[in-house]
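See below for the structure under consideration.
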Amino acid sequence: MALSPETIEQLAEHLDTAERERREVTKITDAHPDMDWDDAYAVQRAIRARQQARGIGMAGYKAGLTSHAKMKQMGVDEPVFGFITDAGLIPDGGVIDTAGLIHPKVEAEIAFVLKRELSGPGCHIGAVLAATDFVVPAVEVIDSRYKDFRFDLKSVIADNTSAARWITGGVATPVEGLDLRNLGIVLEKNGEVIDTASGAAVLGHPAQSVAMLANMLARRGESLSAGAFIMTGGATAAVAVAPGDTVTVRYQALGSLNMRVV
Ligand code: OOG
Ligand code: MG
């Protein structure tokens with residue numbers, strides 16, 4: 001760790017306040033170029049503690065920057081992880097209220113729910129599939145607290161990987177007999193197809209994203225518990241939304257998700 005506990009706490013307050021006041025800030029590595037990876041995740045954890053102190057519950061994990069579409073879009077080259085909260089959940093068919101957001105974008109994801117604990121190191125696709133209860137479609141609404149979504153990896157980790165809202169529903173489906181690599185996804189905005197993807201867009205196989213997450217958590221002495229909900233990362237690019245937009249994401253075999261933006 002390169003930063004002091006006081007600086008970690010101060011950066012957490014800075015980003016947490018930016019989110020609550022929906023204010024853009026500059027990426028924090030500008031002022032703290034010596035910040036290391038542990039510092040970045042420590043800021044994220046301190047934000048989580050601040051939210052928990054306000055009664056916001058942790059609902060699951062999210063992997064991010066797991067697809068070439070996203071890495072290319074954001075100009076970074078390594079996956080990251082963050083957390084999602086109960087306060088961020090929007091029901092399928094519900095409303096994304098931009099009044100509480102800065103510059104929201106939506107991205108189509110596949111989520112896993114575990115039936116058994118999963119821990120690294122050495123976690124792999126086979127272990128993930130054996131421990132999976134079912135997969136469900138999910139849409140993430142990301143909303144970087146950084147101006148124009150401009151960040152580097154450490155800054156975005158500290159900012160809880162741009163997490164803001166999430167939608168899930170569709171058809172919960174066991175992985176047996178499901179070809180997750182070839183599972184097609186169509187993202188529509190206002191009735192027009194904006195992007196398409198297949199499950200393989202996410203690290204070659206979306207279960208690989210869960211394995212990577214288990215291995216990253218293992219380095220911190222943590223694991224994924226039975227029942228954990230994990231978003232595997234945007235398979236499509238992230239698409240900006242504005243009031244008046246409608247978004248539909250259709251998943252092969254898993255149903256679809258719908259939302260309205262106000
Ligand atoms: C970072 C979050 C990335 C994903 O699914 O790739 C992410 C960002 O692009 O702002 O959630
Ligand atoms: Mg995402």
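Just so you know, ligand 1 is whichever comes first in the structure, and atom 1 is the first atom listed for that ligand.
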Residue pair Lys147 / Thr26, side-chain donor-acceptor N/O under 3.5 Å: no
In the hydrophobic clustering (ILVMFWY, side-chain contacts below 4.5 Å, transitive), which residues join Val171, or is it alone? none
Heavy atoms under 4.0 Å from ligand 1: which residues qualify? Lys62, Ala63, Gly64, Leu65, Lys70, Met74, Glu107, Glu109, Glu140, Ile142, Phe149, Phe151, Val156, Thr161, Ser162, Gly233, Gly234
Report, as yes or no, whether the 6.0 Å neighbourhood of atom CZ on Arg48 holds more than 12 heavy atoms from other residues, nucleotides or ligands. yes
Ring-plane angle category for Trp166 and Phe229, please: parallel below 30°, perpendicular beyond 60°, tilted otherwise. tilted
Please check if the distance between the ring centroids of Phe81 and Tyr41 is under 6.0 Å. yes
Arg219: partners by side-chain contact (heavy atoms from CB on, under 4.5 Å), with sequence neighbours left out: Met216
Check for me: within less than 2.8 Å of the Mg ion (ligand 2), which protein N/O/S atoms show up? Glu107 OE2, Glu109 OE2, Glu140 OE1
Lys NZ or Arg CZ of Lys105 over Phe149 ring: under 6.0 Å, within 45°: yes
Does a donor on one side chain sit under 3.5 Å from an acceptor on the other, for Ser155 and Thr29? yes
In this structure, are over 12 heavy atoms from other groups packed under 6.0 Å from Lys72 atom NZ? no
